[in-house]
Every structure is written in structure tokens, then in C-alpha cells.
Amino acid sequence: MEIKVRNVCPVAVSKLDRLAKEKGLSRQAFLKEQIETLSIMEEVERQEQAIDNLYDRTIEVMEKCSDAMTSMDRTFNKLLGEDEG
């Protein structure tokens, strides 16, 4: 699909050309890459948030498991008549 943009500030075009050149791309290839990246940013951010949430929930579960294991260890030590220290 073709997209045309008119009346772009010459300073902005110059900057785009410089950025494209730094990446070894033509202006068209650079802009295509930027537009495609922009089009998926919201989904990427949503997925990053989901990963962060999963990470937080995993840490919470691991802390609960650690607490439960510590409690079980104390109980076993009491049952076996061993010191906790």
C-alpha cells in the first residue's frame, strides 16, 4: 500500500534523511520501518505489561511457597524434637 505525506518541514526531511543514512537505509525504507514499528507499539507495550504482571505474580507465589516450606521445616523439626537454630 502506498502512503503519501505532503508539506513536511524541510528541516524534518533533512533530519529523516540523516537518520536513514545513519542506518544505511533510503528515506523510503527508513520511513516504512518507522511506520511499521509505530503500528505495533501498542501491542508490544500490552505484552510487556502482561509479562511484568506475570513476573510479579510469580514472585508472590514463590514467596508464599518459601513461607510454606519454612513453616513445614519448623513443624518437622518440632515433630522430630530437633532445635530450630
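The structure presented is a predicted model; accordingly, all values stated were derived computationally and were not measured. Position 1 is the first residue of the sequence; numbering continues from there. What you see below is based on every heavy atom in this structure, not just the backbone, and it leaves out hydrogens, waters and symmetry mates.
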> At their closest point, which heavy atom of Ser26 faces which heavy atom of Ala20, and how far apart are they?
O-CB, 3.7 Å

> As a test of understanding, state which of Glu42, Glu48, Glu43 forms a salt bridge (Lys or Arg N to Asp or Glu O under 4.0 Å) with Arg46.
Glu43

> Work out which heavy atom in Leu19 is nearest to a heavy atom in Phe30; give both atom names and the distance.
CB-CZ, 3.7 Å

> I need the Lys32 NZ to Thr37 OG1 distance, nearest 0.5 Å.
9.5 Å

> Check whether Thr75 reaches the backbone of Ser71 with its side chain - one donor and one acceptor, N or O, closer than 3.5 Å.
yes

> Does Ser66 use its side chain to pair, donor to acceptor, with the backbone of Met62 at less than 3.5 Å?
no

> Please say yes or no: joined through hydrophobic side-chain contacts below 4.5 Å, possibly via intermediate residues, are Val5 and Val13 part of one cluster?
yes

> Could you walk me through whether Asp73 and Met69 pass the side-chain contact (heavy atoms from CB on, under 4.5 Å) test, one step at a time?
CA-CA 6 Å; Asp73 188 49; Met69 290 172 65; over 6 Å; no

> Determine whether Ile3 and Val8 fall in the same hydrophobic cluster, where Ile, Leu, Val, Met, Phe, Trp and Tyr are linked whenever their side-chain heavy atoms lie under 4.5 Å apart.
yes

> Which distance, rounded to the nearest 0.5 Å, do you find between the CE of Met72 and the SG of Cys65?
10.0 Å

> Output the distance between atom CD1 (Ile59) and atom CG (Leu54), rounded to the nearest 0.5 Å.
10.0 Å

> To the nearest 0.5 Å, what is the distance between CG on Leu16 and CZ on Arg27?
7.5 Å

> Looking at Glu36, is its backbone amide N or carbonyl O close enough to the side chain of Ser39 to form a donor-acceptor pair, meaning the two atoms are under 3.5 Å apart?
yes

> Return yes if some donor-acceptor pair links the side-chain N/O of Ser14 with the main-chain N/O of Pro10 below 3.5 Å, else return no.
no

> So, taking the atom named CE in Met41 and the one named CD in Glu45, what distance separates them when rounded to the nearest 0.5 Å?
5.5 Å

> Evaluate salt bridge (charged side-chain N to carboxylate O under 4.0 Å, His left out) for Glu60 paired with Lys64, printing each intermediate quantity in order.
CA-CA 6 Å; Glu60 289 174 16; Lys64 288 179 182 179; 5.5 Å; no

> Let's go through Glu33 and Lys23 carefully: what are the C-alpha distance in whole Å and the side-chain angles of both, what is the deciding distance for side-chain contact (heavy atoms from CB on, under 4.5 Å) to 0.1 Å, and is it a yes or a no?
CA-CA 11 Å; Glu33 182 180 278; Lys23 291 184 88 174; 2.3 Å; yes

> Could you state the interatomic distance from OG1 (Thr58) to CG (Asn53), rounded to the nearest 0.5 Å?
10.5 Å

